[in-house]
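Since the structure comes first, as structure tokens, the remarks are kept for the end.
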Amino acid sequence: QETLVPVTALNSNGAPKYQLPGSKSAPLPYITYNEQTFISQVLENHFRNMKQSPNLLNVNENAQAISVKAMIAEGYGIGWLPSLLLSSGGDQGLVAAGDESWCYPLQVRLYRSRNNSHARISELWSKIERSLLT
């Protein structure tokens, strides 16, 4: 279980620098994921299904969440990050860029064939199981 959370840096007054939804005349600078990534596709689907779409202007595109986080922390825009990245790696002064309606709950599931007894698959599966227990 994971949640993608829209975040922004703080402005000089200690308030969120950017606030969703933005406006058509002043879209929010958006630090996004490369369109080939899973998270990009998830977010685009989320935006299409929202009652109110965010007004965003893509200013930077990255393949990795840690790079998106760094750009947001520098104040370049808003972006959606996995909540685990915010809690485990420090929030770097990032705050929510909107209320909970802008968050996206995400469930990641892994499947494997029971008939595949390849040693590498078994080793990988064991590592995954151990990582979920910690």
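Between the side chain of N13 and the backbone N or O of A15, no donor-acceptor pair lies under 3.5 Å. The backbone N or O of A9 sits nowhere less than 3.5 Å from a side-chain atom of K17 that would complete a donor-acceptor pair. Using a distance-only test at 3.5 Å, with no hydrogens or angles considered, a donor-acceptor pair links the side chain of N49 to the main chain of N45. N55 places a side-chain N or O within 3.5 Å of a backbone atom of G22 that can act as its donor or acceptor partner.
For A63 against T37, the heavy-atom pair with the smallest separation is O-CG2, 3.7 Å. For the pair G14 and L10, the tightest heavy-atom approach, listed with the atom from each and the gap, is O-CD2, 3.5 Å. Across all non-hydrogen atoms, the minimal contact from P21 to Q52 is CG-NE2, 3.1 Å. The minimum heavy-atom distance linking N11 with P16 is given by the pair ND2-O, 3.9 Å. Closest heavy-atom contact between E35 and Q41: O-NE2, 3.6 Å. The minimum heavy-atom distance between Q107 and Q1, with the atom names listed, is NE2-NE2, 2.6 Å.
Interatomic distance, CG of L85 versus CD of Q64, reported as 11.0 Å (0.5 Å rounding). Atom CD1 in I72 sits 6.5 Å away from atom CG in L94 (nearest 0.5 Å). Taken from OG in S23 to CG in L28, the straight-line distance is 7.5 Å, to the nearest 0.5 Å. E2 contributes atom CD, which lies 12.5 Å from atom OH of Y104 (distance to the nearest 0.5 angstrom). Rounding to the nearest 0.5 angstrom, the gap separating the CH2 atom in W102 from the CE atom in M50 is 4.0 Å. Rounding to the nearest 0.5 Å gives a distance of 5.0 Å between CD1 of I78 and CG of L56.
Contact of the L4 side chain with the P82 side chain is registered, since non-hydrogen atoms from C-beta on lie closer than 4.5 Å. Residues T3 and S83 meet the side-chain proximity criterion, which asks for heavy atoms closer than 4.5 Å. You'll find the side chain of Y76 stays beyond 4.5 Å of the side chain of P29, heavy atoms only. A 4.5 Å side-chain heavy-atom check between N62 and N34 finds every atom pair outside the cut-off. Here the side chains of L106 and V42 are in contact, with some heavy-atom distance below 4.5 Å. Contact of the S117 side chain with the S122 side chain is not registered, since no non-hydrogen atoms from C-beta on lie closer than 4.5 Å.
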Task: Test log, rule side chain to side chain contact (heavy atoms under 4.5 Å, CB included), inputs R109 and Y111 - done: CA-CA 7 Å; R109 295 181 182 199; Y111 297 91; 3.3 Å; yes
Task: Working for side chain to side chain contact (heavy atoms under 4.5 Å, CB included), residues I121 and N116 - done: CA-CA 8 Å; I121 296 294; N116 187 338; 3.8 Å; yes
- [ ] Determine, step by step, whether V7 and V95 satisfy the side chain to side chain contact (heavy atoms under 4.5 Å, CB included) criterion, reporting the C-alpha distance in whole Å, the side-chain angles of both residues, the deciding distance to 0.1 Å, and the verdict.
- [x] CA-CA 5 Å; V7 294; V95 295; over 6 Å; no
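Side-chain contact annotation: N58 with N60, donor-acceptor N/O pair under 3.5 Å absent.
Here the two rings, on W80 and Y30, have centers that are under 6.0 Å apart.
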